[in-house]
Amino acid sequence: MVRTFLALGLGVVLGVGGFALAAYDEHTKVKVTTLSTVDVSEKLDGKEAKATTVEVTLEPGQSSPPHRHPGPVFGYVLEGEYEWGINDQPVKKLKVGDTFYEPTMSLHRVSRNPSEKGKTRVLAVLLVPRDAKQISIPEPEKKD
């Protein structure tokens, strides 16, 4: 009974976390699937932490709005090409097998599938505080 309750609770948390990552706005439709969330013994800035693994799927030409993560991110390109840019660094075009790293709270300003035909799939592992409300924080729009 306790295991069932814990499994149900974990499912809700995973669903909400995946939804928060995917729902920047209705027009992006970037698919984010949470594969696992595991509490880890390491601390992040003195806080209890968890590791969340997600698969991000971008259709041809699709991109996500600029955002930040409350902990470091390690990524791996599973399929297609991926244009990736953080902070003021030049945008890089990554291909299958390439990896990337984002330091805590870096501005992930470019996340795009440059292809006109094929989809892009990226596997990302995020280390975030256990009490983080979101694993991805949308960047506020700049006003002119």
Side-chain angles (χ1 to χ4, degrees), residues 1-59 61-115 118-143:
M1 178 75 165
V2 171
R3 284 185 183 179
T4 302
F5 179 72
L6 289 174
L8 181 60
L10 181 59
V12 169
V13 168
L14 292 177
V16 169
F19 179 76
L21 187 61
Y24 291 114
D25 72 35
E26 298 171 10
H27 301 99
T28 60
K29 307 256 193 268
V30 171
K31 181 181 178 187
V32 179
T33 305
T34 301
L35 303 175
S36 69
T37 297
V38 177
D39 288 343
V40 294
S41 59
E42 289 77 15
K43 293 192 177 205
L44 188 62
D45 294 328
K47 296 180 178 179
E48 299 291 323
K50 64 183 174 184
T52 299
T53 305
V54 297
E55 181 180 322
V56 180
T57 303
L58 297 108
E59 296 300 326
Q62 215 173 20
S63 63
S64 66
H67 58 278
R68 297 175 188 268
H69 300 286
V73 177
F74 301 88
Y76 179 83
V77 180
L78 295 168
E79 180 179 350
E81 293 182 332
Y82 182 54
E83 286 184 347
W84 172 81
I86 61 167
N87 299 324
D88 59 354
Q89 296 177 8
V91 174
K92 295 180 181 179
K93 186 182 277 189
L94 306 175
K95 61 185 184 328
V96 173
D98 286 343
T99 62
F100 60 90
Y101 168 74
E102 295 176 29
T104 300
M105 292 305 287
S106 294
L107 176 59
H108 189 168
R109 62 183 174 77
V110 176
S111 176
R112 178 177 44 236
N113 175 354
S115 174
K119 68 180 172 182
T120 296
R121 291 186 315 124
V122 174
L123 184 69
V125 178
L126 302 90
L127 185 62
V128 299
R130 286 184 198 169
D131 64 355
K133 303 249 186 287
Q134 298 175 298
I135 61 172
S136 184
I137 305 161
E139 186 70 2
E141 289 186 29
K142 292 182 180 178
K143 306 215 183 207

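The structure presented is a predicted model; accordingly, all values stated were derived computationally and were not measured. Computed over heavy atoms, backbone and side chain alike; hydrogens, waters and symmetry mates excluded.
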Could you pull out the closest heavy-atom pair between [X] and [Y], with the gap in Å?
X      : Y      : value
Leu58  : Ser111 : CD2-O, 3.9 Å
Val40  : Arg130 : O-NH2, 2.9 Å
Phe100 : Tyr76  : CE2-N, 4.1 Å
Glu59  : Gln62  : N-OE1, 2.6 Å
Pro70  : Leu44  : O-CD2, 3.8 Å
Thr57  : Val30  : O-CG1, 3.7 Å

Enter the distance from [X]:[atom1] to [Y]:[atom2] here, rounded to the nearest 0.5 Å.
X      : Y      : atom1 : atom2 : answer
Thr52  : His69  : OG1   : NE2   : 11.0 Å
Thr53  : Leu127 : OG1   : CG    : 10.5 Å
Lys119 : Lys31  : NZ    : NZ    : 7.0 Å
Leu123 : Thr33  : CG    : OG1   : 11.0 Å
Glu81  : Arg112 : CD    : CZ    : 12.0 Å
Lys95  : Thr120 : NZ    : OG1   : 13.5 Å

Find out whether [X] and [Y] are in side-chain contact, i.e. whether some heavy atom of one side chain is under 4.5 Å from a heavy atom of the other.
X      : Y      : answer
Val128 : Lys50  : yes
Pro103 : Ile86  : yes
Pro65  : Pro138 : no
Pro129 : Asp45  : no
Val54  : Ile135 : yes

task: Might you work through the side chain to side chain contact (heavy atoms under 4.5 Å, CB included) test for His67 and Glu139, ending with a clear yes or no?
output: CA-CA 5 Å; His67 58 278; Glu139 186 70 2; 5.6 Å; no

Q | CA sep, side-chain torsions, deciding dist, call: Val110, Lys92, side chain to side chain contact (heavy atoms under 4.5 Å, CB included) | A | CA-CA 9 Å; Val110 176; Lys92 295 180 181 179; over 6 Å; no

**Prompt:** Taking the side chain from Asn113 and the backbone from Ser115, do they hold a donor-acceptor pair closer than 3.5 Å?
**Reply:**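 Yes; judged by distance alone, with no hydrogens or angles, the pair exists.
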
For His108 and Tyr82, take the angle between the two ring planes, folded into 0 to 90°, and tell me which bin it lands in: parallel under 30, tilted 30 to 60, perpendicular over 60.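 Because their plane-to-plane angle is over 60°, the rings of His108 and Tyr82 count as perpendicular.
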
### Query
Under the salt bridge (charged side-chain N to carboxylate O under 4.0 Å, His left out) criterion, do Lys43 and Glu48 qualify, and how do the steps go?
CA-CA 5 Å; Lys43 293 192 177 205; Glu48 299 291 323; 3.3 Å; yes

